Amino acid sequence: MSRHKCTKSLYRSFLQASSVRYSGLALSEVSPIPLSHDSVNRWLSSSALRPSGVWNLTQSLINKKEPCFLVCDDTFLDKIGARR
């Protein structure tokens with residue numbers, strides 16, 4: 001059993017449903033279970049997704065007959081007042 005409240009299924013559903021906001025705070029505001037944005041950030045930090053995993057999850061959504069790009073951004077922005 002996972003120690004994190006956030007799950008891949010919940011996060012995936014959030015990304016599919018959201019058209020504008022993709023932050024941990026946005027997920028915590030609309031989550032069907034009580035979830036803090038910090039717990040989303042901890043889950044994301046502990047999860048590792050390799051390029052092959054991204055491709056396996058997205059290849060069926062891409063029209064391979066047309067030129068396209070798959071852009072992934074794994075940037076984490078620190079809070080201004082965060083302790084390091």
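Sequence positions, counted from 1, serve as the residue numbers for this chain. Computed from a predicted structure; not experimentally measured.
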query = Out of Val40, Asp38, Leu44, which one pairs with Arg42 under the side chain to side chain contact (heavy atoms under 4.5 Å, CB included) rule?
reply = Asp38

For Phe14, ring pair (Phe, Tyr, Trp, His ring centres under 6.0 Å) partners two or more places apart = none

ask   = Is Ser13 reaching over with its side chain to a backbone N or O of Ser9, donor-acceptor style, under 3.5 angstrom?
value = yes

query = Should Leu10 and Leu35 count as side-chain neighbours, where that means a heavy-atom distance under 4.5 Å?
reply = yes

request  = Spell out, as yes or no, whether a donor-acceptor pair under 3.5 Å connects the side chain of Ser45 to the backbone of Asn41.
outcome  = yes

Run the side-chain donor-acceptor check on residues 58-70: report pairs under 3.5 Å with partners two or more places apart or on a different chain.
residue	atom	partner	partner atom	Å
Thr58	OG1	Val54	O	2.8
Gln59	OE1	Trp55	NE1	3.0
Asn63	OD1	Lys65	N	3.0

key: side-chain contact (heavy atoms from CB on, under 4.5 Å) partners of Arg12, counting only residues at least two apart   = Lys8, Gln16

message = Tell me if a side-chain donor or acceptor on Ser18 pairs with a main-chain N or O of Leu15 at a distance below 3.5 Å.
response = no

key: Backbone of Pro34 reached by a side-chain donor or acceptor of Ser31 within 3.5 Å   = no

inquiry  = Tell me every residue that passes side-chain contact (heavy atoms from CB on, under 4.5 Å) with Leu25, counting only those two or more places apart in sequence or in another chain.
reply    = Arg21, Ser23, Ser28, Glu29, His37

